[in-house]
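First up is the structure itself, then whatever we jot down about it.
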Amino acid sequence: MLLIDVARVSEEVARTSARLGKIRLLAELLGRVERAEAEIAISYLSGELPQRQVGVGYRSLRDLPEPRQVATMTLGRVDDLLERIKAQTGPGSQAARRALVTELFGGATRQEQSFLVRLLTGELRQGALDGVMIEAIARASGAPSAEVRRALTLRGWLPAVGSAALTGGVEALRAFQVEVGRPVAPMLAQSAPTVTAALEKIGGEAALEWKLDGIRVQAHRSGEVVAVFTRTLDDITAQVPELVEAVRELPYDDLILDGEVIALRPDGRPEPFQVTAARVASRTDVARLREATPLSVFFFDALRLRGKDLLDLPDAERHAALSDAVPESLLTPRLVTADPAEGEAFFAEVVRRGHEGVVVKSPQTPYAAGRRGAGWIKVKPRHTLDLVVLAVEWGSGRRQGKLSNIHLGARDPETGGFVMLGKTFKGLTDELLAWQTERFLQLADGPTDGWTVHVRPVQVVEIAFDGVQRSTRYPGGMALRFARVLRYRDDKTAAEADTVDTVRSLLL
DNA sequence: TTCCGACAGTGGGGTCGCAAT
DNA sequence: ATTGCGACCCCACTATCGGAA
């Protein structure tokens, strides 16, 4: 199959707003792709590369060669070039990669170049990724989409699942089983503003667990072999020796556990997320790093124990099995209650100890691998500040032509100026986007680079955020974590906005 | 007919490793 | 030594479609 066939379908999918229409278009293409190229086609049309990453991003694609007039590239040829690009390492590799990128794009038409750029930068923007592709595979193969989804959560890579479905139908999909050493898509949580609201959603008794601000881990053990995976199924076994040792000491040797690793201070309080993240990301000199910043692990779920899959069991039963297999010191603290007052007190205590919040879990739900099911609901405290808008950036995609990402500043009483604390584009409705575009064009002040519009610092905005972290990027040395817009405040002037001192007091 | 679950999109700050400067 | 880039940790929120109620 030619790349142009895939690029054309992608554009047609992007033009189609109906999801069923997108599914029909994708299924039609899957129906005529050769088996040998099915993985590549599925991969490209769900916005990922078979190579996963090849070391080429937005910056490397700035100036491309002139496009061809006639489309001749096959999927196999593109895949081969991407494979060679990925294989470049060591001195001279950047030039070699650049040459191969030129070769790839020089063989492509304008339409193909556009598709490849979006594919390589991870911005396909056709309104269809895994979720829609699952349905398309189901339709093209005749297998129920639930079977496709189930196979995906166990295999972790849709092209392999889709290719199997197209070749062998439902039977091939059923052959995918939980396999120790191969990560399962982790279950995710929804969120609620308070524990009371979360309990109400679940209805009746629920389990409340500490939410630790670390790195999610899935630990596998087969015999003495241990492997550890992240939320996106990357292998980080070598970076977390403490976890590997802890799992080796467990009495069972065929298991998959779900948990969190986190760096704790000697007094048991958590280190800032940045400390845990830096430790886990470091691959060099791990032995020395673990002396200075040891990691602790806390498990909260068991997907497999003693060779038995537990995914389909209700939470309460999985947790009973977990607490039977794992010592208390490795278990995430947990309280089972139906009483909102008791739940809120538990939440307050967890926050007082410096942790991120709680996860409220329904005792009945099975492990919904890969889904953001209603069985788990996270609750975190929320801070707010009244800040001043210093500048705005033009949006992209569906926000093209709208001023979108706003720069946030706190008042500095010493200088009478404002100190930037970060940016946000979250929490804006279409109505608000339209309003702020007009408002900030009126307030525009000073030079613009065509991207950022600086404004007179007069507009106050109420911002919600999770916390203040240390920053080397901003002049105040601090930045807001997960900032989002709550509302514009026209009842306050910039002189009444919150100060950097207020923000600094939240840093400790 | 209305409601709501699932998805895709739009980006945020911080960190590491690697190659180039 | 420093800088630029790619990749991946953490993530919130809104709009939309289409099946469920």
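So you know, we letter chains A, B, ... as the sequences are listed, proteins then strands, and number each from 1.
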Rounded interatomic separation in angstrom, taking CZ from R470(A) and C1' from dC10(C):
18 Å
R62(A) vs dC5(C): side-chain N/O to OP1/OP2 distance below 4.0 Å:
yes
Axis deviation across the helix from dA8(B)-dT14(C) to dT21(B)-dA1(C), five-pair ends, to the nearest 10°:
10°
List the atom pairs, donor and acceptor, that lie under 3.5 Å between side-chain atoms in residues 427-436 of chain A and the rest of the protein, sequence neighbours left out.
residue	atom	partner	partner atom	Å
T429(A)	OG1	L432(A)	N	3.1
D430(A)	OD1	R398(A)	NH1	3.4
D430(A)	OD2	R398(A)	NH2	3.4
Q436(A)	OE1	Y488(A)	OH	2.6
Q436(A)	NE2	L403(A)	O	2.7
Q436(A)	NE2	S404(A)	O	3.1

Residues which pass side chain to side chain contact (heavy atoms under 4.5 Å, CB included) with D130(A), listed by chain and number, not counting sequence neighbours
S46(A), E48(A), L152(A), L158(A)
What residues, two or more places apart in sequence or in another chain, satisfy side chain to side chain contact (heavy atoms under 4.5 Å, CB included) together with E12(A)?
R15(A), L25(A)
For D490(A), enumerate each residue passing the side chain to side chain donor-acceptor pair (under 3.5 Å) test, keeping only those at least two apart in sequence or located in another chain.
Q459(A)
Which residue pairs pass the salt bridge (charged side-chain N to carboxylate O under 4.0 Å, His left out) test when at least one of the two sits in residues 273-287 of chain A, sequence neighbours left out?
E242(A)-R279(A), D285(A)-R288(A)
Which residues pass the side chain to side chain donor-acceptor pair (under 3.5 Å) test with R353(A), sequence neighbours left out?
E349(A)
Between which nucleotides of DNA chain B, read 5' to 3', does contact with chain A run, using atoms under 4.0 Å from its heavy atoms?
dG5(B) to dA20(B)
Which pairs pass salt bridge (charged side-chain N to carboxylate O under 4.0 Å, His left out) with one or both residues in residues 49-65 of chain A, sequence neighbours excluded?
R52(A)-D234(A)
For F482(A), the ring-ring contact (aromatic ring centres under 6.0 Å, His included) test, sequence neighbours excluded, returns none
Return the residues of residues 277-295 of chain A meeting this criterion: a heavy atom under 4.0 Å from some atom of DNA chain B. Order them by number, or give none.
A278(A), A281(A), S282(A), R283(A), T284(A)
Could you give all pairs that pass the salt bridge (charged side-chain N to carboxylate O under 4.0 Å, His left out) test and reach residues 459-468 of chain A, with sequence neighbours left out?
K380(A)-D466(A), E462(A)-R487(A), D466(A)-R484(A)
On the 0 to 90° scale, with breaks at 30° and 60°, tag the W376(A)-Y367(A) ring pair as parallel, tilted or perpendicular.
perpendicular
